[in-house]
J.: 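Questions regarding the structure given below will be posed in turn.
The figures here come from the full heavy-atom set of this structure, side chains too, leaving out hydrogens, waters and symmetry mates. Here is how names work: the chains are called A, B, and so on, in the same order as the sequence lines, proteins then strands, and each is numbered from 1.
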Amino acid sequence: MTVRTRFAPSPTGFLHIGGARTALFSWAYARRHGGTFILRIEDTDVARSTPEAVQAIIDGMQWLGLAHDEGPFYQMQRMERYKEVIAQMLAAGTAYHCYTSKDELDALRAEQEAKKEKPRYDGRWRPEAGKTLPPVPAGVAPVVRFKNPLDGVVAWDDQVKGRIEFANTELDDFIIARGDGTPTYNFCVVVDDWDMGITHVIRGDDHVNNTPRQINVLSALGATVPQYAHLSMILGDDGQKLSKRHGAVSVMQYDEDGYLPEAVLNYLARLGWSHGDDEVFAMEQFVQWFDLDHITASAAQFNTEKLNWLNAHYLKLADPARLAGEVERRLAAQNVALAGGPELAKVAALYRDRATNLNELADAVHPFYVVPMPSDDVRTQHLTPAALTALGALREKLATCGWTAAELGPVIKQTAAEQGLKMPQVAIPLRVALLGLPQSPAIDAVLEVLGRERVLVRLDATLSAG
RNA sequence: GUCCCUAUCGUCUAGAGGCCUAGGACAAUACCCUUUCACGGUAUGAACCGGGGUUCGAAUCCCCGUGGGGACGCCA
């Protein structure tokens, strides 16, 4: 059996972190088994679905590198098929028309709630042998209800949560088509999963309660019931449920915040799934390891600090040329021109071990391209008369010495010794003079990358100002 | 209210009856490295929700509580 999985978001907003993880696991499972990963857009909620949201979901998946093999399929384009199946079920007697109005339903629900009962349809229009149905009211467009079994249990072996059983008495005859003939969610999902030959349904555990209904419909249609794996939800950093109002952000926001997709992917993979003590792994490795057995059944809290750590890790590994591209994008947004400055990839390489994200990297690199203005505090603290004297002496040597870090280090050390100063007493003022900050990577490496010409210009400016 | 799911360090997790004196990672703390700040390295502290069973033996199995989450729509 070839594995076929699907990711089926409804396009009512961006792709958030929970959806991304669901997509990742579905994708990984298909890849792991040489199967097919399908993207299906569940857009039957016409009022809330938008093309922008569809695009946002596709963009998010693309950024993460989760490519689908089939689709995207749109449910709105499959209406004829759903109606066809409904007609078949009506004919077969596994579904029936119900003329109960919304008002009557509301009244029924209120009555049941008053009696502290679980609200459910009472089956008044359900045809049974020997039962007389109420007279059909004029002018009412009936809904179609599924004829759910009255007794027995629906059970499945959830690949994450283990065996789950529901008594059919807990389920009522749910609506599969509205008064206007449009099919409802639980029905569309069933027909789609069936038609698309989905073998493994990997989705959020908010769907656990839908599963017995879907299984019953599948059975009524004579369809094979797929395997189900219900993933628990991801909680926010504060332990609270993620919602549009609270904490849920688009995966694209992570791009904007300077995260690398491989870091987000690695983090997400490890959130709710484990492979022994392994923490850091590439997607290739993940796909080889991924299975449904090691998915955690309970909800997981998002931890930005761990994501940050992973991001810093992948930043250290990243190709400087790639980092240069990312940083350039960010500097351009701040109208920082790179022309006339040192080679960006080299500067990025100097700083990639020290940054947590690409925005920090961009900030760190910034003074290499825009002559910095140290604050008065920094100036008075570090550019003391003694320091300026030393910088003056150093400037003369820098005009002529060799220009590699290996050569520059000794020059600075020697100057410090000649001035009767310790290394930091020269190196720090030099940092301030060149970059406007008392901290930087190894000063000799900074000099090498900045280049003799720019170093001398900046030193002269500092010396004449001081 | 009813039904369903769930419960190991602050957080993510390992753990499938003896390998558990409960392991790893992030975070925290300390120290080391160092030319500053980082990075890095080393070390330390930190958990089996409670109560009953089952068993020679339970973090692991069962039951009952409690906490957390979800569902009960002509939403998806």
J.: On the side chain of A:Glu113, is there an atom forming a donor-acceptor pair with the base of B:rG1 - under 3.5 Å, no angle test?
T.: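 For A:Glu113, whose side chain was compared with the base of B:rG1, there is no donor-acceptor pair (under 3.5 Å).
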J.: Would you tabulate the nitrogen or oxygen pairs shorter than 3.5 Å linking the protein to nucleotides 69-76 of chain B?
T.:
residue	atom	partner	partner atom	Å
B:rG70	OP1	A:Lys241	NZ	3.2
B:rG70	N2	A:Asn209	OD1	3.2
B:rA71	O4'	A:Asn209	ND2	3.1
B:rC72	O2'	A:Pro119	O	2.8
B:rG73	OP2	A:Arg109	NE	3.4
B:rC74	O3'	A:Arg178	NE	3.4
B:rC74	O2	A:Gly179	N	3.0
B:rC74	N4	A:Thr100	O	3.4
B:rC75	OP2	A:Arg178	NE	2.1
B:rC75	OP2	A:Arg178	NH2	3.3
B:rC75	O3'	A:Arg178	NH2	3.2
B:rC75	O2'	A:Asp45	OD2	2.7
B:rA76	OP1	A:Thr44	OG1	3.2
B:rA76	OP1	A:Arg178	NH2	2.5
B:rA76	OP2	A:Arg178	NH2	3.0
B:rA76	OP2	A:Tyr185	N	3.1
B:rA76	O3'	A:Glu42	O	3.2
B:rA76	O2'	A:Ser10	OG	3.0
B:rA76	N6	A:Asn210	OD1	3.4
B:rA76	N1	A:Asn210	ND2	3.4

J.: Starting at atom NZ of A:Lys306, determine the distance to atom P of B:rA27, rounded to an integer number of angstrom.
T.: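 Taking atom P of B:rA27 as the reference, NZ of A:Lys306 is at 10 Å.
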J.: Is any side-chain N or O of A:Thr296 closer than 4.0 Å to OP1 or OP2 of B:rU13?
T.: yes
J.: Go nucleotide by nucleotide along RNA chain B from the 5' end; which of A:Pro438 and A:Leu307 gets its closest nucleotide reached first?
T.: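 On the 5' side of the pair lies A:Leu307.
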J.: Under 6.0 Å between ring centres: does that hold for A:Phe25 and A:Phe290?
T.: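 Under 6.0 Å, so yes.
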J.: Please confirm whether the ring centroid of A:His294 lies under 6.0 Å from the ring centroid of A:Trp273.
T.: no
J.: Heavy atoms under 4.0 Å, any strand shown: does A:Glu170 hit a base, just sugar-phosphate, or nothing?
T.: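 Result for A:Glu170 = sugar-phosphate.
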J.: Determine which nucleotide pairs with B:rA71, using a 3.5 Å limit on both distances of a Watson-Crick or G-U wobble pair.
T.: B:rU2
J.: Counting any heavy atom closer than 4.0 Å, what does A:Leu271 reach on the DNA or RNA strands: base, sugar-phosphate only, or nothing?
T.: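 Sugar-phosphate only.
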J.: Any side-chain N or O of A:Ser232 less than 4.0 Å from the OP1 or OP2 oxygen of B:rU6?
T.: no
J.: If pairing requires Watson-Crick or G-U wobble contacts with both distances under 3.5 Å, which nucleotide is the partner of B:rG40?
T.: B:rC32
J.: Let's see if you can work this out: which of B:rU11, B:rG40, B:rC3 has an atom nearest to the side-chain heavy atoms of A:Phe166?
T.: B:rC3
J.: Starting at atom CZ of A:Phe281, determine the distance to atom C1' of B:rG24, rounded to an integer number of angstrom.
T.: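 Distance check: A:Phe281 CZ to B:rG24 C1' gives 13 Å.
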J.: Taking a pair as Watson-Crick or G-U wobble with both distances under 3.5 Å, which nucleotide is matched to B:rU54?
T.: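 Matched B:rU54 with nothing under the 3.5 Å cut-off.
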J.: Using a heavy-atom cut-off of under 4.0 Å over every strand shown, decide if A:Tyr267 touches base, sugar-phosphate, or nothing.
T.: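 Nothing, no heavy atom under 4.0 Å.
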J.: When the P atoms of B:rA58 and B:rG52 are considered, how many whole Å apart are they?
T.: 13 Å
J.: Which whole-number value in Å describes the distance from A:Asp158 CG to B:rC5 C1'?
T.: 10 Å
J.: What are the two closest heavy atoms between A:Tyr29 and A:His200, and how far apart are they?
T.: OH-CE1, 3.4 Å
J.: Remember a base hit wins even if backbone is also touched, and classify A:Pro441 as base, sugar-phosphate or nothing at under 4.0 Å, heavy atoms.
T.: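 Base contact.
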J.: Mind checking the C1' distance from B:rG65 to B:rC75? Whole angstroms is fine.
T.: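 My reading of the C1' atoms in B:rG65 and B:rC75 gives 36 Å.
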J.: Quick one: A:Asn311 CG to B:rC39 P, roughly how many Å, whole number?
T.: 14 Å
J.: Does A:Ala300 reach a base, just sugar-phosphate, or nothing at all? Heavy atoms under 4.0 Å.
T.: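 Sugar-phosphate contact only - A:Ala300 comes under 4.0 Å of backbone atoms but never of a base.
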J.: Which of the following nucleotides, B:rG15, B:rA27, B:rG24, is nearest to the side chain of A:Glu279?
T.: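 In terms of side-chain proximity for A:Glu279, the closest of B:rG15, B:rA27, B:rG24 is B:rG24.
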J.: Which one is paired to B:rA7, where only Watson-Crick or G-U wobble pairs with both distances under 3.5 angstrom count?
T.: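 Here B:rA7 is engaged in a pair, and the nucleotide opposite it is B:rU66.
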J.: When you look at A:Tyr314 and A:Tyr267, which way does the ring pair (Phe, Tyr, Trp, His ring centres under 6.0 Å) test go after all the steps?
T.: CA-CA 11 Å; A:Tyr314 282 107; A:Tyr267 179 72; over 10 Å; no
J.: Mind checking the P distance from B:rU8 to B:rU60? Whole angstroms is fine.
T.: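 It comes out at 12 Å once rounded to the nearest Å.
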J.: Check the distance between B:rU35's P and A:Leu408's CG and give it to me in whole angstrom.
T.: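 So the CG-P distance, A:Leu408 to B:rU35, works out to 16 Å.
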J.: Whole Å only: how far is the CG atom of A:Asp277 from the P atom of B:rG24?
T.: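 Rounded to whole Å, this separation is 8 Å.
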J.: Determine the Euclidean distance between corresponding P atoms of B:rC49 and B:rC12; express it in Å to zero decimal places.
T.: 14 Å
J.: Given the C1' atoms of B:rA27 and B:rG69, what is the spacing between them in whole Å?
T.: 25 Å
J.: Go through it in stages, so that I can follow the logic: the residues are A:Asp180 and A:Arg178, the test is salt bridge (charged side-chain N to carboxylate O under 4.0 Å, His left out), and I'd like the CA-CA distance, side-chain angles, deciding distance and then a yes or no.
T.: CA-CA 5 Å; A:Asp180 65 4; A:Arg178 304 180 180 92; 5.3 Å; no
J.: Out of A:Asp192, A:Leu39, A:Asp193, A:Ile202, which one pairs with A:Arg6 under the side-chain contact (heavy atoms from CB on, under 4.5 Å) rule?
T.: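 The option that passes is A:Asp193.
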J.: Measure CG/A:Leu231 against C1'/B:rU6 and give the value in whole Å, please.
T.: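 The answer, rounded to whole Å, is 14 Å.
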J.: Using atom P of each nucleotide, how far apart are B:rC39 and B:rA28 to the nearest Å?
T.: 10 Å
J.: Establish, for the pair A:Arg270 and A:Trp309, whether the NZ or CZ atom is under 6.0 angstrom from the six-membered ring centre and no further than 45 degrees off its axis.
T.: no
J.: Which is it for A:Phe7 and A:His68 under the ring pair (Phe, Tyr, Trp, His ring centres under 6.0 Å) test, yes or no, and what are the steps along the way?
T.: CA-CA 9 Å; A:Phe7 177 55; A:His68 51 271; over 10 Å; no
J.: Please measure how far the P atom in B:rG1 lies from the corresponding atom in B:rG15, and state the result in whole Å.
T.: 36 Å
J.: How about A:Trp289 and A:Phe281: are their ring centres within less than 6.0 Å of each other?
T.: yes
J.: Tell me which of A:Asp444 and A:Lys115 sits closer to the 5' end of RNA chain B, going by the nucleotide each one is nearest to.
T.: A:Lys115
J.: Examine A:Arg213 relative to A:Phe146 and say whether NZ or CZ is less than 6.0 Å from the centre of the six-membered ring and inside a 45° cone about the ring axis.
T.: no
J.: Just call it for A:Gly272: base, sugar-phosphate, or nothing, with non-hydrogen atoms closer than 4.0 Å on any strand.
T.: sugar-phosphate
J.: Both distances below 3.5 Å, Watson-Crick or wobble geometry, any strand: find the nucleotide opposite B:rA22.
T.: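 Its partner is none (no Watson-Crick or G-U wobble pair with both distances under 3.5 Å).
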J.: Rounded to the nearest Å, what distance is computed from the CG atom of residue A:Asp278 to the P atom of nucleotide B:rG23?
T.: 18 Å
J.: Would you indicate what A:Ala297 reaches in the nucleic acid, counting non-hydrogen atoms under 4.0 angstrom: base, sugar-phosphate, or nothing?
T.: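 Sugar-phosphate contact only.
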J.: Determine the interatomic distance between P on B:rA76 and the same-named atom on B:rG68; round to the nearest Å.
T.: 31 Å
